[in-house]
Amino acid sequence: MARLGVLILLPVVFESVVSISFFLPVRTRKCLKEEIHKDVLVTGEYEISEQPNTKTNLKITDSSGHILYSKEDATKGKFAFTTEDYDMFEVCFESKSQMGKNLCSHLVGAGNTEIAKVEKLKPLEVELRRLEDLSESIVNDFAYMKKREEEMRDTNESTNTRVLYFSIFSMCCLIGLATWQVFYLRRFFKAKKLIE
């Protein structure tokens with residue numbers, strides 16, 4: 001059975017590398033999603049093994065549907081973009097057959113093998129590097145969540161203060177209106193000589 005392979009390397013935050021491999025059957029679509037912080041340079045490489053009479057399209061979009069990168073009949077390439085806001089980004093591979101038959105599955109793959117070869121790392125060192133990048137990413141996510149929590153707390157406190165002032169203003173208006181109504185009705189009834 002013939003296979004189609006793809007190599008994807010996405011250095012996302014602080015030179016960390018996110019990679020993945022999977023099989024992609026013909027005439028199917030596989031999407032990978034990743035939340036990425038604001039002002040992060042995202043670069044990536046992909047390599048798709050060639051399969052006769054089969055095309056694989058690649059599209060990268062944000063949660064609003066804006067296309068950041070698109071390539072039809074993708075085989076090998078690189079892409080880069082800088083995130084404008086904290087968002088969910090989606091990398092989609094779509095396999096299409098020109099023959100009209102579902103002939104095989106495609107292998108979409110990635111790994112840190114290139115980095116390991118360049119830096120001449122042992123498997124244990126590669127795993128430690130991966131764990132170091134993962135822990136750094138987790139620490140960065142916690143820092144981001146702490147910052148967001150502070151912003152949310154400030155927003156909640158501001159909203160509570162506004163609601164308090166609005167409630168006091170509403171009560172003052174109601175008391176003033178009720179007082180005016182009592183005096184108005186008293187004058188009205190005196191004018192009609194219904195009360196003294």
Side-chain angles (χ1 to χ4, degrees), residues 3-51 53-100 102 104-115 118 129-130 132-156 158-159:
R3 301 275 185 211
L4 178 67
V6 174
L7 175 66
I8 310 166
L9 298 174
L10 298 172
V12 180
V13 180
F14 300 105
E15 299 178 9
S16 65
V17 177
V18 176
S19 59
I20 192 166
S21 64
F22 54 88
F23 286 98
L24 181 66
V26 176
R27 284 198 247 148
T28 59
R29 183 177 182 189
K30 175 78 173 179
C31 294
L32 311 170
K33 293 183 178 182
E34 180 73 28
E35 289 182 6
I36 304 176
H37 299 292
K38 181 180 180 180
D39 296 327
V40 174
L41 174 64
V42 179
T43 59
E45 266 183 71
Y46 60 90
E47 184 174 338
I48 303 171
S49 64
E50 293 184 27
Q51 174 65 33
N53 302 316
T54 304
K55 290 184 176 184
T56 303
N57 299 333
L58 169 63
K59 187 187 291 186
I60 302 173
T61 58
D62 60 13
S63 61
S64 302
H66 298 119
I67 298 173
L68 303 169
Y69 180 82
S70 179
K71 178 78 173 173
E72 290 191 11
D73 197 14
T75 55
K76 184 177 183 179
K78 297 179 181 182
F79 59 86
F81 61 90
T82 302
T83 58
E84 294 179 4
D85 202 359
Y86 179 79
D87 204 349
M88 177 72 73
F89 294 88
E90 189 175 58
V91 180
C92 290
F93 291 90
E94 186 175 8
S95 176
K96 295 184 178 181
S97 174
Q98 297 174 343
M99 296 293 289
N102 192 352
C104 66
S105 296
H106 309 283
L107 174 64
V108 179
N112 292 345
T113 55
E114 296 297 322
I115 294 171
V118 170
R129 175 76 59 90
R130 188 185 69 76
E132 182 183 3
D133 291 341
L134 180 63
S135 63
E136 189 174 324
S137 175
I138 291 170
V139 168
N140 291 333
D141 285 344
F142 276 123
Y144 177 77
M145 287 180 201
K146 182 179 179 184
K147 180 183 168 196
R148 291 284 293 162
E149 187 270 332
E150 289 171 0
E151 291 172 359
M152 293 291 196
R153 187 172 1 102
D154 291 343
T155 301
N156 285 340
S158 170
T159 303

Heavy-atom side-chain proximity of K30 to C92 below 4.5 angstrom: no

Parallel, tilted or perpendicular, as decided by the 30° and 60° cut-offs, for the rings of Y46 and F79: parallel

Under 3.5 Å: donor-acceptor pair, side chain of D85, backbone of D87: no

From T61, L32, T83, residue fulfilling side chain to side chain contact (heavy atoms under 4.5 Å, CB included) relative to F89: T83

Check: S158 side chain, D154 main-chain N or O, donor-acceptor pair, under 3.5 Å: no

From CD (E90) to NZ (K59), nearest 0.5 Å: 9.5 Å

Modelled atom types, side-chain donor and acceptor of H37 and N140, under 3.5 Å: no

Side chain to side chain contact (heavy atoms under 4.5 Å, CB included) evaluation trace for V91 with F93: CA-CA 7 Å; V91 180; F93 291 90; 3.9 Å; yes

CZ-OG distance between R27 and S95, expressed to the nearest 0.5 angstrom: 9.5 Å

Point-to-point distance, once rounded to the nearest 0.5 Å, from OH of Y86 to OG of S63: 10.5 Å

Min side-chain heavy-atom separation T82-V42 under 4.5 Å: no

Short side-chain to backbone donor-acceptor contact, N57 and D73, under 3.5 Å: yes

Point-to-point distance, once rounded to the nearest 0.5 Å, from CZ of F81 to CG of D62: 8.5 Å

Shortest non-hydrogen contact from S135 toward E132: OG-O, 2.9 Å

SB check R148 E151 (cutoff 4.0 Å): yes

Distance, nearest 0.5 Å, that separates CD of E72 from CD of E94: 9.5 Å

Distance, nearest 0.5 Å, that separates OG1 of T159 from CE of M152: 11.0 Å

